[in-house]
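These notes are about the structure you will find just below.
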Protein chains: 2
Amino acid sequence: MTSGTLNPTSGPSSRSEASSSRDVLTRLRTDIVSSVFGPETRLKFADMTKRYDVSIGTLREALSQLSSEGFVTVEAGKGFKVSPVSAVELIEITDHFISFEKRAVREAIVHGGEDWEANIVAVHHRLSLIEGLPWERRMERHSEWVERHREFHEAIVAACPGRWLFRLRSIMFDQLDRYRFVTKRAPEGLGGRKFEEHREIMMATLARDADLASALIEQHIRDTSERALKLL
Amino acid sequence: MTSGTLNPTSGPSSRSEASSSRDVLTRLRTDIVSSVFGPETRLKFADMTKRYDVSIGTLREALSQLSSEGFVTVEAGKGFKVSPVSAVELIEITDHFISFEKRAVREAIVHGGEDWEANIVAVHHRLSLIEGLPWERRMERHSEWVERHREFHEAIVAACPGRWLFRLRSIMFDQLDRYRFVTKRAPEGLGGRKFEEHREIMMATLARDADLASALIEQHIRDTSERALKLL
DNA sequence: ACTCTTTCCTTTTTCGAAAATACGAATACT
DNA sequence: AGTATTCGTATTTTCGAAAAAGGAAAGAGT
């Protein structure tokens, strides 16, 4: 692309790396997380190429990578299908994530600098812009919420120096997103609490209160997972 | 298992799934682990296609998946290169792996049945066949040793019911393999101890002594990593 | 002398067709 | 009647060429 006039927030994938390959990967993952393709659904190339308007090869690459991330399973010769979901898996993922996240936030609080703090505030603000909306309007922008929610939690632990700890927690977070989705349809009264919880997490983190932040995060995640568990 | 007559050591990749795609993935990973391509090396398609005798597309898929696993990094438009190695990363990976493995072995000991036990004995025997060899002969079959070593440690924790725990420990194990390789050139006197350690781990596990097995494994891994750390 | 632009060459990225493989139905055989 | 075999269809897997993008060197302009 020669003319760089338009790009700021439009373009593919929102994050730096362009290339339609990276883009289709993101879109496909989003569609799986959003249950556009339910668990166990076979992902046929013929349908997919039309839906995403990319070639077979490009699609195959994306699917292949998604299998590394655990979103799809692949059986040689039989193609790809969306990984199954189960209550026991949700419980396991939740436990792992909480374990990682608690350690990561502790590390981040120790090592975080001014940029880290500033980014948390900024990203939290972006998140609150959607969470403060009335129920219906918020639902309209649900996919944006998912993205900003991810960014918020990521910002909290971004200063964690352990790159693998960060990576592992991100893998688990993405998996949780899949289950989190089922709470989308939950009654608004319960979900509304999240708004305050995020604020509390932010405050505790900026106050460098590792114990409190850690406890709030655990409660926050466990609560969401338990709600998902009932709706499963 | 369907037809168990021939399989034990034949075919590509030793594990079930065939397809040259899966095969090139394994070979490429092995070559990176074995430092055939050192850290930071650019992996050009032109060279790779000749080396592995597969098409660009197939290779790209393998590379792409390897990037999910953390062995290669990819920058859009600039291609793939082997991930760097560092002492701090080794330390982090070691800690994560030990943490996972200790939990996994506990779980395995609780849930493992007769098949699990039998498989441990069988795989350990295969490993000991190489480890019992005199130094030079053993070095000749080093790549086989790597594979059997992996199979042994995997067998120990195979009965762990937490699939993500199993998966996470496997990711870390593969990463460790990369660093473990540098100890290949270590003097024989030190490496010889491993032979006994593996046996002790097996015995403790079969005796269902979780505390002992757990401690032995920690010592075993930490020792190897520390040796690698010095040679780095 | 330095910087910016243009051009060429290398490498990556994408594509869709061709080959290989698995699945299912219909037919033949015991 | 039940089982095995063969054939046809649907899908996946692999391939290499065409398009896009990046990087380096030469040339023009200040």
Side-chain angles (χ1 to χ4, degrees), chain A residues 1-7 10-13 15-29 32 37-38 40-68 71-83, chain B residues 1-3 6-7 10-13 15-29 32 37-38 40-68 71-83:
Chain A
M1 185 188 296
T2 42
S3 61
T5 336
L6 53 87
N7 207 350
S10 59
S13 137
R15 260 205 303 306
S16 51
E17 325 196 31
S19 86
S20 79
S21 167
R22 201 61 60 168
D23 182 44
V24 70
L25 176 69
T26 305
R27 284 206 287 158
L28 198 40
R29 180 165 35 213
I32 290 173
F37 306 113
E40 308 277 11
T41 304
R42 279 199 61 197
L43 300 169
K44 291 185 237 179
F45 286 94
D47 306 343
M48 299 287 125
T49 48
K50 278 186 289 185
R51 183 172 225 277
Y52 299 105
D53 192 38
V54 289
S55 78
I56 302 167
T58 306
L59 202 41
R60 180 164 236 282
E61 189 186 321
L63 256 342
S64 173
Q65 200 156 352
L66 246 21
S67 85
S68 288
F71 287 105
V72 309
T73 60
V74 53
E75 220 168 326
K78 286 194 59 180
F80 297 82
K81 71 177 184 191
V82 179
S83 298
Chain B
M1 186 85 55
T2 43
S3 63
L6 57 86
N7 205 350
S10 65
S13 131
R15 265 208 294 308
S16 51
E17 327 197 31
S19 86
S20 81
S21 167
R22 199 62 57 168
D23 183 44
V24 71
L25 176 70
T26 305
R27 283 205 287 158
L28 198 40
R29 180 164 39 213
I32 290 172
F37 305 113
E40 308 275 13
T41 304
R42 278 199 63 199
L43 300 169
K44 290 184 235 177
F45 287 93
D47 305 342
M48 299 287 126
T49 49
K50 278 185 290 184
R51 184 172 224 279
Y52 298 105
D53 192 38
V54 290
S55 78
I56 302 167
T58 306
L59 203 40
R60 179 165 237 284
E61 189 186 322
L63 256 342
S64 174
Q65 199 156 351
L66 247 22
S67 85
S68 289
F71 287 105
V72 308
T73 61
V74 53
E75 219 169 328
K78 286 195 59 181
F80 298 82
K81 71 177 183 192
V82 180
S83 297

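Here is how names work: the chains are called A, B, and so on, in the same order as the sequence lines, proteins then strands, and each is numbered from 1.
Judged as a salt bridge (charged side-chain N to carboxylate O under 4.0 Å, His left out), and not counting sequence neighbours, the contacts of R51(A) are D31(A). Partners of S83(A) under the side chain to side chain donor-acceptor pair (under 3.5 Å) rule, at least two apart in sequence or in another chain, do not exist in this structure. Scanning for side chain to side chain contact (heavy atoms under 4.5 Å, CB included) contacts around I56(A) gives F45(A), T49(A), with sequence neighbours left out. With sequence neighbours excluded, the residues forming a side chain to side chain contact (heavy atoms under 4.5 Å, CB included) with S55(A) are T58(A), listed by chain and number.
T58(A) has no side-chain polar atom (N or O) that falls below the 4.0 Å cut-off from OP1 or OP2 of dT13(C). Here R42(A) does not reach the OP1 or OP2 of dT11(D): none of its side-chain N or O atoms lies under 4.0 Å away. Under 4.0 angstrom from either OP1 or OP2 of dT12(C) there lies no side-chain N or O belonging to R60(B).
Sorted by first and then second residue, the pairs that involve residues 53-67 of chain A and meet salt bridge (charged side-chain N to carboxylate O under 4.0 Å, His left out), not counting sequence neighbours, are R60(A)-E61(B), E61(A)-R60(B).
Across the protein-nucleic acid pair, L59(B) atom CG and dG16(D) atom C1' stand 13 Å apart, rounded to whole Å.
Positionally, the nearest nucleotide of DNA chain C for E61(A) lies more toward the 5' end than for the other of K78(A) and E61(A).
Distance from the side chain of F80(B) is smallest for dT13(C) among the nucleotides dC23(C), dT13(C), dC15(D). Residue I56(B) places its side chain closer to dT13(C) than to any other of dC15(D), dA17(C), dT13(C).
Counting heavy atoms from C-beta outward, L59(A) and L43(A) have side chains that stay 4.5 Å or more apart.
Proximity of residues 44-53 of chain A to DNA chain D (heavy atom under 4.0 angstrom from any strand atom) is restricted to K44(A), F45(A).
Among the atoms of the strands shown, none is found under 4.0 Å from any heavy atom of L63(A).
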